[in-house]
There are 2 protein chains.
Amino acid sequence: MTKTKEKKADHPPLKRGSGVTHVYETLRNEIIELKLTPGSPIDEVQLSERFSLSRTPIREALVRLAAEGLITTLTNRATIVSNIDFLNLADFFDALTLMYRVTTRLAAQKHRPEHIAEIQAFQDAFAQTVAEQDVLGMIASNRDFHVAIARAGGNRYYIELFTRLLDEGRRILRLYYSSFNDKLPQQYVTEHEDMIAAIVARDVSRADELARIHADQIVLQIQSYISADTRPNATLSL
Amino acid sequence: MTKTKEKKADHPPLKRGSGVTHVYETLRNEIIELKLTPGSPIDEVQLSERFSLSRTPIREALVRLAAEGLITTLTNRATIVSNIDFLNLADFFDALTLMYRVTTRLAAQKHRPEHIAEIQAFQDAFAQTVAEQDVLGMIASNRDFHVAIARAGGNRYYIELFTRLLDEGRRILRLYYSSFNDKLPQQYVTEHEDMIAAIVARDVSRADELARIHADQIVLQIQSYISADTRPNATLSL
DNA sequence: TGCATTTGCCTTGTCGACAATAAAAATTTT
DNA sequence: AAAATTTTTATTGTCGACAAGGCAAATGCA
């Protein structure tokens, strides 16, 4: 009766401390990509079988995920994938908008040539996914694009918070990504290009303005998805 | 040759999952209060003796501290208390100022009566420590005051980041707290009162203005301490 | 004496087993 | 049959021991 559809990887000994990182990153991605759905249980022994590790390193990865808020541990009982907090979405949008603005401003002030190349590369990848109507790819490359801008700004506190917010946003967007059949993505491509131009020109106030508009639009988009959701209890606790 | 000056507490079995939390909070405080100085080694077996626990729960507490950036693990080698990053202090000040402003703005918008009582209580405690010239108490109660304001604003992302920044600030301030013999503390009391008034009046722009001034002053104060530091290598890596 | 190599030690990383806790199932009692 | 109680079970929390890796001292060599 055990779910044996887990692929038991047989590459246990890569390097000494690398197993934890691998488990952490793998689970983190699976949570963000909703392969592990909110509320679903995380079983330590099951994971230890899957990754061919003992429970100790698995546990360490879970502690890190819990510190990040991606999983929730019910003491002595179970650990589950954290639910998406629809009730406090306003806080999320507020912080997201602020980080959009602050990071773009800082990038305009502090970027160096190599940063522009990196940003442009991610923007190209984003444009490609838009051209291919690869919605899941769009969500991922859009995130990479903005993280690159944040890195150009160089403030580690903003980078960390913004990354977390963008990844949380990926979870939300994936819930509604079937609704993506509109013209917005192409507009985002243009806005991204404008943002790059403002950053290159070191035009701080214009970068700020563009970031604000961009953020507002994304917030509106997500909100429209949610309000268009007809499921009666869709915005309940989970 | 073993340092036996650690007080071996003999209260191991309180409750099942509480040991980790206790170790985490204890070490966190000791790091912030510089009882554990930056760069000093954290020995797992030593801690397990001190807290009468096995290495496993100690390790879990350390993982959480590492996730927060308070300790640094040199893989397979050692784990040390994280150094204060003087090189990137500008980033710290930038984020700190932003959080001062944003949280105070939000508090003016969203506070409820019970929040004001809490804020005022911490402000009273702060005023008390100033009157008593209790510098260490000032640092702590000032932090509590601003965290209370952030809680009144209610945005968990800001609360978390701001708390982290304020606690990191406590580490820095403790390095220089002997320089506190000036008139600034009394001025901070007044500014705090003004901030409370603006919050109560729900005057968002005034709250923002006051927070900005307050932040700038604190930044200037810390910077003056650092520049007045005559130690040649005081601002090196550690 | 200076440098490369080896050996040993110290700390962390991993493991398998056991204990505790709480939910679920089974049993008893009314 | 319903409710309270006991037993079972599933999962996490903790433990002690071992292995691995890196650093430093010790050794060998030029």
Side-chain angles (χ1 to χ4, degrees), chain A residues 1-4 6 8-27 31 36 39-67 69-82, chain B residues 1-4 6 8-27 31 36 39-67 69-82:
Chain A
M1 219 56 70
T2 56
K3 294 181 183 177
T4 48
E6 301 286 344
K8 296 183 184 177
D10 50 345
H11 40 73
L14 286 130
K15 276 175 187 172
R16 196 152 133 92
S18 66
V20 179
T21 310
H22 178 235
V23 174
Y24 166 77
E25 289 174 350
T26 303
L27 293 181
I31 292 172
L36 295 174
S40 65
I42 307 271
D43 190 299
E44 293 178 3
V45 296
Q46 203 168 319
L47 289 176
S48 63
E49 288 171 10
R50 173 178 166 197
F51 290 100
S52 304
L53 289 170
S54 90
R55 275 181 55 220
T56 309
I58 301 290
R59 208 139 209 290
E60 180 169 331
L62 294 185
V63 169
R64 283 165 63 177
L65 289 169
L70 289 175
I71 68 176
T72 305
T73 58
L74 293 312
T75 316
N76 279 324
R77 221 162 314 161
T79 95
I80 60 172
V81 178
S82 295
Chain B
M1 215 54 73
T2 57
K3 294 182 181 178
T4 47
E6 301 288 344
K8 296 182 186 178
D10 48 348
H11 40 71
L14 287 128
K15 277 175 190 175
R16 194 154 136 94
S18 67
V20 178
T21 309
H22 178 233
V23 173
Y24 166 77
E25 290 174 350
T26 303
L27 291 182
I31 292 171
L36 294 174
S40 64
I42 307 273
D43 191 300
E44 294 178 4
V45 295
Q46 203 168 321
L47 290 175
S48 63
E49 289 171 10
R50 173 179 165 195
F51 290 100
S52 304
L53 290 169
S54 90
R55 274 181 56 220
T56 307
I58 301 289
R59 208 138 208 291
E60 180 170 332
L62 294 185
V63 169
R64 284 164 62 177
L65 289 169
L70 289 175
I71 67 176
T72 305
T73 58
L74 293 313
T75 316
N76 278 324
R77 222 163 312 163
T79 95
I80 59 172
V81 178
S82 294

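Values below: every heavy atom of this structure, side chains too, minus hydrogens, waters and symmetry copies. So that the names make sense, note that chain A is the first sequence line, chain B the second, and so on, each numbered from 1.
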J.: How far apart are the C-alpha atoms of B/L53 and B/V20, what are their side-chain angles, what is the distance that settles it, and do they pass the side-chain contact (heavy atoms from CB on, under 4.5 Å) test?
T.: CA-CA 9 Å; B/L53 290 169; B/V20 178; over 6 Å; no

J.: From the list D/dT14, D/dT11, C/dC15, which nucleotide is the closest neighbour of the side chain of A/P57?
T.: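 Of the candidates, C/dC15 comes closest.
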
J.: Could you pull out the closest heavy-atom pair between A/A61 and A/V23, with the gap in Å?
T.: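 It is CB-CG1, 3.7 Å.
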
J.: Quick check against the 3.5 Å criterion: does A/T26 have a side-chain atom that pairs as donor or acceptor with the backbone of A/H22?
T.: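 Yes; at least one donor-acceptor contact below 3.5 Å.
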
J.: Looking only at non-hydrogen atoms, find the nearest pair between A/I58 and A/E44 and report the distance.
T.: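 It is CG2-O, 4.1 Å.
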
J.: What does B/I58 touch in the nucleic acid at a heavy-atom separation under 4.0 angstrom: a base, only the sugar-phosphate, or nothing?
T.: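 No contact.
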
J.: Take atom CD of A/E44 and atom C1' of C/dG16, then tell me their distance rounded to the nearest Å.
T.: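 Rounded to the whole Å, the gap is 14 Å.
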
J.: In whole angstrom, give the distance that lies between atom CD of B/E60 and atom P of D/dT12.
T.: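 B/E60 atom CD is separated from D/dT12 atom P by 12 Å.
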
J.: Is the phosphate of C/dC15, meaning OP1 or OP2, less than 4.0 Å from a side-chain N or O of A/S54?
T.: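 Answer yes for this pair, as a side-chain N or O of A/S54 is under 4.0 Å from OP1 or OP2.
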
J.: When you measure from the side-chain N and O atoms of A/T56 to the phosphate of C/dT14, is any distance below 4.0 Å, counting only OP1 and OP2?
T.: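 For A/T56, the contact criterion (side-chain N or O under 4.0 Å from OP1 or OP2 of C/dT14) is not met.
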
J.: Under 3.5 Å, which donor-acceptor pairs link side chains of residues 75-82 of chain A to any protein atom two or more places apart or in another chain?
T.:
residue : atom : partner : partner atom : Å
A/N76   : OD1  : B/R16   : NE           : 2.7
A/T79   : OG1  : A/I42   : O            : 3.4
A/S82   : OG   : A/G69   : O            : 2.9
A/S82   : OG   : A/L70   : O            : 3.2
A/S82   : OG   : A/I71   : N            : 3.3
A/S82   : OG   : A/I71   : O            : 3.4
A/S82   : OG   : A/T72   : N            : 3.4
A/S82   : OG   : A/T72   : OG1          : 2.8

J.: Please figure out whether B/T75 or A/T75 has its closest DNA chain D nucleotide nearer the 5' end.
T.: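 Closer to the 5' end of DNA chain D: A/T75.
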
J.: Please give, in whole Å, the distance from D/dT9 C1' to A/D43 CG?
T.: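 Those two atoms, CG and C1', are 13 Å apart.
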
J.: Just how far, in rounded Å, is P of C/dT21 from CG of A/L74?
T.: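 From A/L74 CG to C/dT21 P: 17 Å.
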
J.: Can you check the A/I71 CD1 to D/dT12 C1' distance for me, whole Å?
T.: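 From A/I71 CD1 to D/dT12 C1': 12 Å.
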
J.: Quick one: side chain to side chain contact (heavy atoms under 4.5 Å, CB included) partners of B/T56, sequence neighbours excluded?
T.: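 Testing B/T56 for side chain to side chain contact (heavy atoms under 4.5 Å, CB included), a comparison that skips the adjacent residues, returns B/S54.
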
J.: In whole Å, I'd like the distance from the CD atom of B/E49 to the P atom of D/dT14.
T.: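 Atom-to-atom, B/E49 to D/dT14, this comes out as 18 Å.
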
J.: Reckon B/T73 touches a base, only the sugar-phosphate, or nothing at all at heavy-atom distances under 4.0 Å?
T.: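 Nothing: the residue B/T73, judged by heavy atoms under 4.0 Å, touches no strand.
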
J.: Under the side chain to side chain contact (heavy atoms under 4.5 Å, CB included) rule, collect the residues that match up with B/V63, sequence neighbours excluded.
T.: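 Result, side chain to side chain contact (heavy atoms under 4.5 Å, CB included) vs B/V63: A/E60, A/V63, A/R64.
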
J.: Distances under 3.5 Å between protein N/O atoms and the N/O atoms of nucleotides 17-20 of chain C, please, pair by pair.
T.:
residue : atom : partner : partner atom : Å
C/dA20  : O4'  : B/R16   : NH1          : 3.2
C/dA20  : N3   : B/R16   : NH2          : 3.4

J.: Could you tell me how far apart A/F51 (CZ) and C/dT14 (P) are, to the nearest whole angstrom?
T.: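 Going from CZ in A/F51 over to P in C/dT14 covers 14 Å.
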
J.: Considering just the side-chain nitrogens and oxygens of A/R77, establish if one lies under 4.0 Å of OP1 or OP2 belonging to C/dT21.
T.: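 It does not, given that no N or O in the side chain of A/R77 lies less than 4.0 Å from OP1 or OP2 of C/dT21.
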
J.: What is the distance from NE2 of A/H22 to P of C/dT14, rounded to the nearest Å?
T.: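 Rounded to whole Å, this separation is 13 Å.
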
